[in-house]
Amino acid sequence: LTHYEGIRSVQGRYYDGRHANSHAVTLQLGEDAVQGLDAEGQIVFHWPYRDIKIVEPARDGVHAVLTRRPEESERLHLDQATYAAVKTELAHHQTLPIFVSSSWKMLGVFALVAAASLAMAFIVLPLLARPVALMIPSTWKESLATEVMDFFDVEERRCRNAEGEAALMKLVDRLDAHYVIADAVVIQHAMPNAFAAPAGHIVLFSGLFKDAKHPDEIAGVLAHEIGHVERHHPEEGLVQYMGLSLITSLMLGGLEHTAELGRVLMHFSYTREKEAEADALAQKRLNAAGISVKGLRDFFTRMQERDGEE
């Protein structure tokens, strides 16, 4: 196994894609793969480096998210130090073909293209993501929403309890007096989670209702997701993650990355600023509706303590 000096512990949080809870794992970085061990030293996963895909890199204190191809249902969350170590191994095993040329001019062109690509990914796209998201026509947003809903099989997995749906709509009416969202649905999924999709659609997982300790926690999560919708965070996140290919696909009338859209919204980590925006808007909505903000704080505090993440 490879050892890295200066890293006190090589740890991560592993989600198997089937259960809501995550597992603290110790990572072992081998010659061809990374494997995770539980507290008893049992191997819980073994990922060849060639199959690993970076869903979200570590940045601004946000943990990195990795997955394994081709299913991409498992997730591995890493802090910045551990991510750097794993990324070093990936660089050795996921290199693109290198074409050797005697011309320094060709090397210079390659360097310029690489620099331009990095600038586009880390500087230009983050700056343009919000203006572009605000300019996306409503019909395009609905197309994005349809693809995301289809990925999650919303119609098939939707919870159709009349009493429950009526209670949810009553809560939506209290929190969304200005009709920011289009609808909110609950689907069968064990994970205690929810997400905002483009065009004002919100999806809540049934695991959220099982995990909640008080109805105010459900209200807090819903208000938080409405905040993301109000600030156009789902569209902005898709633009930033998928870049110009997303706009090109929409202009041509088709989306080539249907599954990718769902996974992006499922695993995308908003920046602290965007989470703070959603929290601030959620608190205003909860106060206006006469609902305690304690549920909002309690739920996210419990999730942070359970997952050990920022």
Side-chain angles (χ1 to χ4, degrees), residues 20 56 59-63 65 77 126 129-131 133-134 141 145 148 164-187 189 191-240 264-310:
E56 181 74 12
R59 53 181 172 75
D60 298 332
V62 177
H63 286 198
V65 180
H77 288 220
R130 181 164 181 78
L134 293 175
K141 292 180 182 180
V148 171
E165 288 185 325
L168 179 60
M169 288 302 100
K170 184 177 180 180
L171 179 59
V172 168
D173 290 341
R174 292 180 65 186
L175 294 173
D176 190 29
H178 300 290
Y179 303 102
V180 170
I181 68 172
D183 63 8
V185 300
V186 180
I187 65 172
H189 198 295
M191 187 176 293
N193 201 1
F195 68 87
H201 299 274
I202 292 178
V203 177
L204 301 97
F205 294 171
S206 57
L208 174 66
F209 293 81
K210 295 179 181 179
D211 191 88
K213 308 302 181 186
H214 191 277
D216 287 354
E217 293 189 8
I218 302 295
V221 172
L222 179 58
H224 179 87
E225 297 304 327
I226 295 175
H228 283 310
V229 170
E230 184 174 351
R231 297 298 295 170
H232 305 281
H233 291 164
E235 294 87 350
E236 186 177 347
L238 289 174
V239 171
Q240 184 173 340
V264 169
L265 288 179
M266 180 74 169
H267 303 311
F268 187 80
S269 297
Y270 291 118
T271 63
R272 289 183 177 179
E273 290 76 14
K274 288 181 173 52
E275 292 292 2
E277 278 186 314
D279 280 341
L281 291 170
Q283 292 183 34
K284 289 182 179 179
R285 290 178 179 277
L286 292 168
N287 288 331
I291 301 173
S292 172
V293 299
K294 184 176 182 296
L296 174 69
R297 292 195 299 265
D298 288 350
F299 178 81
F300 284 113
T301 298
R302 190 167 66 255
M303 292 300 101
Q304 289 169 359
E305 291 174 349
R306 178 182 300 173
D307 293 343
E309 298 179 6
E310 294 286 338

State, yes or no, whether a side-chain contact exists between [X] and [Y] at a heavy-atom distance under 4.5 Å.
X	Y	answer
M169	V172	yes
D216	K294	no
V180	R285	yes
F195	I202	no

For a quick test of reading the model, state the closest non-hydrogen atom pair linking [X] to [Y] and the distance between them.
X	Y	answer
P198	A145	O-CB, 3.4 Å
A194	V221	CB-CG1, 3.9 Å
A182	A199	CB-O, 3.5 Å
L204	F209	CB-CE1, 4.2 Å

Value rounded to 0.5 Å, distance of [atom1] in [X] from [atom2] in [Y]:
X	Y	atom1	atom2	answer
K141	H201	NZ	NE2	11.0 Å
K274	D279	NZ	CG	14.0 Å
S206	N193	OG	CG	11.5 Å
K210	L208	NZ	CG	11.5 Å
L222	L168	CG	CG	6.5 Å
L286	R297	CG	CZ	10.0 Å

Exercise. Backbone N or O of A197 within a donor-acceptor pair of the E225 side chain at under 3.5 Å?
Worked result: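 Side chain of E225 to backbone of A197, a donor-acceptor pair under 3.5 Å: no, none is there.
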Kindly write out the residues that satisfy side chain to side chain contact (heavy atoms under 4.5 Å, CB included) with [X], not counting sequence neighbours, or none if the list is empty.
X	result
R302	D211, K213, E217, F299, R306
A289	R174, L175, I291
R231	R130, H233, E277, L281

Exercise. Taking the six-membered ring for Trp, are H224 and F300 parallel (under 30°), tilted (30 to 60°) or perpendicular (over 60°)?
Worked result: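 Rings of H224 and F300: tilted, 30 to 60°.
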For this session: Check the pair F205, V186 against side-chain contact (heavy atoms from CB on, under 4.5 Å), reporting the backbone distance first and the verdict last.
Result: CA-CA 6 Å; F205 294 171; V186 180; over 6 Å; no
